[in-house]
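Note sheet for the following structure.
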Amino acid sequence: MSSKMKAICITAAKQIEIIDQNIPIPGPTDVLIKVATSMLCTWEQRVFLQIMPLPLPFVGGHEFAGEIVAIGSSLREEDFPIGSRCAAALTHNCGVCENCRRADGTRCKYTHDLEYVEGRSGLAEYVLADAKNTYLFPNDISYERIMFTEPLACVITGQDKFNIELGDNVVIQGAGIIGIMHAQVAMLKGAVVTIIERDEQRRQNALDMGICDHALNSEASDLWESVDKITRGKRFEIVINTVAIPSVIAQSIKLCSENGTYLMFGKVFPDEPIAIDINKIQSSNMKLAGTMASENRAFLRAAKILAAGKIKPETALLSELHPITNAQQAFENSLLPTTFRVGFKFFE
Ligand SMILES: [Zn+2]
Ligand SMILES: [Zn+2]
C-alpha cells in the first residue's frame, strides 16, 4: 500500500483542489477505514462559501461509509473484522469528562481536539476513527445507505430530547433531508406527522415520498386553519425546526401545544437576536430543547434501523454521486435548491 492518499480540500472560498496527504496510521484504539462514499452536509457547504470561516486549507467530510482495512493494537479482529463495512462518528468523545459521563458525548470537553487533523476527515481516501465510534454493517448493505448513518444519528439524538407517544401530533418545519429523516423517525414511533415547507416542490415531494400524513405550505393563506384542523385546535405536541432562518422561530412557538416541546435542530444563520413570545412559553408549560451532532447510543440505533431497511434514505435523498476528480462541480451542485445530498464515490 502506498503511503499517500488523495483528499478533497477547500483551499480558498469556493475553490476545491485534490491534495496528497499521508495515509494515517491507527493508534491503539483506532480503526483505519478505506472510504467508499462520502457526502456534503451544510457544514462543508458553509466552509466552502466561507460563511463559516474555518481555517483553510480544510478537508471536511463527516458523513461517510467505508471498509475497515486496519485496526489498532489494542483492538480484537473479532470485534472489527478487516473488510467489514462501517460508518463512524468523527466527533471526539473522551468518555472521561463530566459531560461524557452524563451520557452527552456531543458536549465533550475535548470535542475539538480531533477536528481539522489530517487523516480525520471523510473527504479523503482513508480516515481514522475511534473504535468506540465505529459501527459495523452487513456487507450486503450499500455504502450509499451506510453514509446516512451520521445525519440519521443526529436526528435520533434530537428526538431523544422528548418522548413521542402513539398518536402525538408532530410537526416538522422544513422538508430538506434532515426534515424528511425527522419525519421518517417520528412516523416509525407512531406519530401523526405534518411537514410545513415553503418550497412547493419540496412540500409535494414529502407527500409523494409517503413520509408524512400532512404537508402544508408555510406561505398558504389558510395555514393556521389547516393546522387547527389537523390538531383539533390543540397545535402540536412536538415542533421540530430544521429551517435555519430566524423568521421561522416565532412560527415554531406558535405551532407548539400546551405542554409541548420545541426542538431547535439547525444552527441559525445569521446569528442575531430573535423576538419570541416568551410568555406563551411560561404560561403553556412549553419546553425548549436544543440539539447538536450525534450521541453514541443514537448512532448505534441509526445503524440498526438502516441495516434493517426500516428507513432507506439513499433512494430519495441522495441526488448525485461524483468521482473525486469532479469535486469542484460537486460542491457547487450541493448548493442548488434542487439537490438533496451530493456525494462522492471513491472506488467501485
Ligand atoms: Zn452533517
Ligand atoms: Zn468527554
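Both backbone and side-chain heavy atoms feed into the values below; hydrogens, waters and symmetry mates do not. In this text the structure is predicted, and so the values were computed from the model without any measurement. Just so you know, ligand 1 is whichever comes first in the structure, and atom 1 is the first atom listed for that ligand.
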Exercise. Donor-acceptor pair, Gln184 side chain versus Ile211 backbone, under 3.5 Å?
Worked result: no
Exercise. Where do Val96 and Cys100 come nearest, in terms of heavy atoms and distance?
Worked result: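 So the two residues come closest at N-CB, 4.0 Å.
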Exercise. Looking at Lys6 and Glu125, what are the two nearest heavy atoms and their distance?
Worked result: N-OE1, 2.6 Å
Exercise. Same hydrophobic cluster for Phe64 and Phe346, using side-chain heavy-atom links shorter than 4.5 Å among ILVMFWY?
Worked result: yes
For this session: With the Zn ion (ligand 1) as the reference point, give the N/O/S atom of His62 that is nearest.
Result: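 The nearest such atom is NE2.
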Exercise. Can you give me the SG-the Zn ion (ligand 1)-OE2 angle for Cys41 and Glu63, to 10°?
Worked result: 90°
For this session: Can you tell me, to 10 degrees, how wide the angle at the Zn ion (ligand 2) is between SG on Cys94 and SG on Cys97?
Result: 110°
Problem set entry | Presence of N, O or S from Cys154 under 2.8 Å of the Zn ion (ligand 1) | no
